[in-house]
Amino acid sequence: MHGDIYIKQMEKVFALVDCNSFYASCEKVFNPKLESKAVVVLSNNDGCIIARSEEAKTAGIKMGEPAFKIRDIIEKKNVQVFSANFALYGDMSQRVMNVLSKFTTDLEIYSIDEAFLDISGLKESELLLYGQQIRNTVLQWTGIPVTIGIAHTKTLAKVANHIAKKSGKCQGVLSLMDEKSIEKALESTPVDDVWGVGRQYNTFLRSNGIYNALALTKASDSWIKKHMHIVGLRTVEELRGQPCISFDMTVADKQAICTSRSFGTPMMDYADIEEAVSTFASRCAEKLRHQNSCAGVLTVFVMTNRFSKDPKYVNGKTVQLPVATNNTAEIISHSSALLKLLFKKGYKYKKAGVILTEFIPEGEVQQSLWDNLNRDKQNQLMSTVDKISSTMGRDVVKFAIQGTRRRWKLRQEKLSPCYTTKWQDLLNIDMDRV
DNA sequence: TCTGGGGTCCTAGGACCC
DNA sequence: TCTGGGGTCCTAGGACCC
């Protein structure tokens with residue numbers, strides 16, 4: 001058929017490269033003592049498990065579990081625990097992506113540890129070998145092990161990746177190209193392992209007798225659309241082999257920027273929270289300047305610990321800024337004005353945050369008649385601050401209101417060195433003992 | 001003692017317009 | 001008593017992702 005030939009020629013092939021236990025693997029790269037040990041990485045404040053090495057998974061540690069609940073497993077199985085070191089992980093991520101970009105420029109960096117490659121045009125028989133080549137190169141050049149799934153749609157590439165992760169047979173690479181193997185793969189994939197099916201849809205689908213990905217592909221379009229909307233229908237079409245999710249190599253500007261933290265210990269003093277909120281505001285402004293935008297709307301929120309029995313208070317306030325800005329001083333002063341309105345004495349605050357939205361490009365800001373700020377001068381100041389921060393380190397210069405006490409700071413008791421981003425943390429090797 | 005942080009997209013419903 | 005038709009814009013909330 002004419003149509004068939006057309007589709008054959010157009011058919012794309014995607015490879016999803018996904019780092020194995022990424023954060024845990026980063027810790028292992030620079031610390032050979034960790035090899036073959038169970039390693040876990042904790043969220044900020046040393047709260048929950050956010051990464052587990054293969055050995056840690058085998059030990060029965062679950063994703064997202066609070067660390068204090070699994071103290072006994074950690075002790076019994078000699079699990080090596082680390083506080084999240086995002087400076088290290090971010091830098092390692094860049095290295096991995098750099099290696100991938102040597103293979104193709106058609107690269108979509110999807111998250112810190114995942115990228116899609118458009119590898120259309122290769123012969124089907126070459127795909128596995130090519131995947132192995134990518135895998136070996138990334139491992140050799142960065143020390144990070146990856147798994148690769150290959151298919152005609154991104155969602156199927158995800159399925160392939162998932163299976164390759166679990167099955168030793170695949171040696172880290174699986175391609176799902178022919179109908180038979182796709183069907184087998186879908187049947188063995190629990191429906192909640194499908195990319196786009198979360199907790200709610202999982203419950204819903206199961207209560208309707210759909211337990212695996214294959215069954216999901218057999219549901220009717222109208223039923224899917226009714227209950228899972230257009231996004232759900234796209235997922236199902238992708239599982240059927242029909243590409244619906246676009247491949248996008250350009251990094252889109254963010255539409256919202258948020259900086260928020262839980263405090264290491266609960267805070268009751270206004271001054272402490274003001275320090276924290278000012279620091280978050282400053283961080284937001286940095287991120288905003290980084291993408292050359294100005295924000296028109298600013299939100300501040302505070303909350304008490306939702307798990308404790310103490311009185312609870314959750315609140316947020318939003319302002320429309322008179323002139324859209326990315327100036328740290330302005331964003332800090334609006335943030336503390338909002339905090340002043342929000343703050344109520346007597347509560348034990350656990351978390352606060354600053355959110356910026358309604359962005360416009362720096363060059364298109366509407367001036368106000370009553371604006372009495374010298375914006376050119378302020379912009380020069382900001383770019384000087386940014387330059388100092390990027391060469392000499394963050395917070396070398398900062399606003400006084402951000403404070404120095406940092407009583408709100410994170411708990412990070414098991415932080416590893418920043419092996420790749422701080423001179424003083426570089427590894428020393430004693431040649432006499434090698 | 002101890003439970004993360006930062007995003008995206010879509011939909012329904014209300015307000016408002018002619 | 002009856003009570004159109006068609007549209008836009010905005011917001012809150014829900015779902016998902018890593």
Side-chain angles (χ1 to χ4, degrees), chain A residues 16-23 40-51 62-72 74 81-86 89-90 93 108-116 154-155 158 161-162 191-205 224-235 238 244-246 248 251-266 280 283-284 287-288 291 296-297 299 301 303-310 316 318 320 348 350-359 410-414:
Chain A
L16 170 62
V17 180
D18 189 314
C19 301
N20 301 348
S21 317
F22 183 54
Y23 301 161
V40 297
V41 176
L42 305 179
S43 62
N44 277 338
N45 271 317
D46 296 346
C48 308
I49 306 288
I50 56 170
K62 294 205 190 72
M63 191 69 177
E65 218 165 359
F68 72 89
K69 282 191 182 169
I70 53 163
R71 190 131 307 160
D72 50 323
I74 288 174
V81 181
F82 290 89
S83 304
N85 183 346
F86 289 109
Y89 311 149
S93 170
E108 179 185 358
I109 298 172
Y110 178 71
S111 76
I112 194 164
D113 72 332
E114 276 176 79
F116 288 100
K154 287 169 140 189
T155 308
K158 277 262 186 190
N161 195 296
H162 235 97
V191 76
D192 56 311
D193 277 357
V194 172
W195 191 36
V197 176
R199 242 195 15 233
Q200 302 297 320
Y201 287 152
N202 179 41
T203 313
F204 169 76
L205 289 169
I224 293 293
K225 189 158 183 202
K226 181 169 174 206
H227 298 285
M228 298 171 70
H229 314 287
I230 194 77
V231 183
L233 189 55
R234 280 206 279 260
T235 295
E238 285 242 326
C244 296
I245 300 173
S246 61
D248 194 359
V251 180
D253 279 347
K254 295 186 193 335
Q255 299 171 33
I257 286 174
C258 170
T259 306
S260 72
R261 292 286 180 281
S262 298
F263 307 137
T265 49
F280 303 158
R283 208 68 85 220
C284 279
K287 294 180 193 170
L288 193 57
Q291 66 168 38
V297 168
T299 300
F301 67 88
M303 58 178 77
T304 50
N305 189 343
R306 65 200 157 112
F307 297 102
S308 89
K309 290 191 188 92
D310 295 324
T318 299
Q320 180 90 42
K348 291 183 186 165
K350 179 63 182 167
K351 182 176 178 176
V354 174
I355 306 169
L356 300 176
T357 47
E358 313 241 324
F359 298 160
L410 299 175
R411 191 170 35 242
Q412 292 183 308
E413 284 169 7
K414 321 260 179 163

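Below, read A as the first sequence line, B as the second, and so on, with proteins coming before strands; counting in each chain starts at 1. Small disclaimer: the values here were computed from a predicted structure and weren't measured.
- Note that OG of A:Ser260 and CZ of A:Arg283 are 13.0 Å apart. Values are rounded to the nearest 0.5 Å.
- When the P atom is used for both B:dT3 and C:dC18, the distance is 25 Å, rounded to whole Å.
- Remark: the backbone N or O of A:Lys254 is paired with a side-chain donor or acceptor of A:Gln291 at under 3.5 angstrom.
- Of all nucleotides in DNA chain B having an atom under 4.0 Å from a heavy atom of chain A, the first and last in 5' to 3' order are B:dT1 to B:dT11.
- Residue A:Asn45 is out of contact with every strand shown, counting any heavy-atom pair closer than 4.0 Å.
- Residue-to-nucleotide proximity on DNA chain B shows that, of A:Val231 and A:Ala256, the 5′-proximal contact is made by A:Ala256.
- Across all strands, A:Asp113 comes closer than 4.0 Å only to sugar-phosphate atoms, never to a base (heavy-atom distances).
- Note on A:Val194: only backbone sugar-phosphate atoms sit closer than 4.0 angstrom, heavy atoms only; bases stay farther off.
- In this structure, A:Arg306 reaches the sugar-phosphate backbone alone: every heavy-atom distance under 4.0 Å involves primed, P, OP1 or OP2 atoms, never a base.
- Using a 4.0 Å heavy-atom cutoff across all strands shown, A:Arg283 reaches no nucleic acid atom at all.
- When each of A:Ile257 and A:His229 is assigned the nucleotide of DNA chain B with its nearest heavy atom, A:Ile257 is the one assigned upstream, toward the 5' end.
- Contact annotation for A:Glu65: no contact, since no heavy-atom pair falls under 4.0 Å across all strands.
- A distance-only check finds no donor-acceptor pair linking the side chain of A:Asp192 to the backbone of A:Asn202 [under 3.5 Å].
- Where DNA chain B pairs in unbroken runs of 3 or more (Watson-Crick or G-U, both distances under 3.5 Å), the stems are B:5-18 with C:5-18.
- In this structure, A:Lys287 places its NZ atom where more than 12 heavy-atom neighbours from other residues, nucleotides or ligands lie under 6.0 Å away.
- With A:Glu238 contributing its side chain and A:Ile245 its backbone, the two residues share a donor-acceptor pair below 3.5 Å.
- Counting heavy atoms from C-beta on, the side chains of A:Arg261 and A:Leu410 come closer than 4.5 Å.
- A distance-only check finds no donor-acceptor pair linking the side chain of A:Ser43 to the backbone of A:Ile50 [under 3.5 Å].
- Panel note: side chain A:Asp18, backbone A:Asn161; no donor-acceptor pair is recorded below 3.5 Å.
- Judged as a salt bridge (Lys or Arg N to Asp or Glu O under 4.0 Å), and not counting sequence neighbours, the contacts of A:Lys154 are A:Glu108.
- Among the protein residues, A:Thr265 comes within range of no part of the nucleic acid, since none of its heavy atoms lies under 4.0 Å from any strand.
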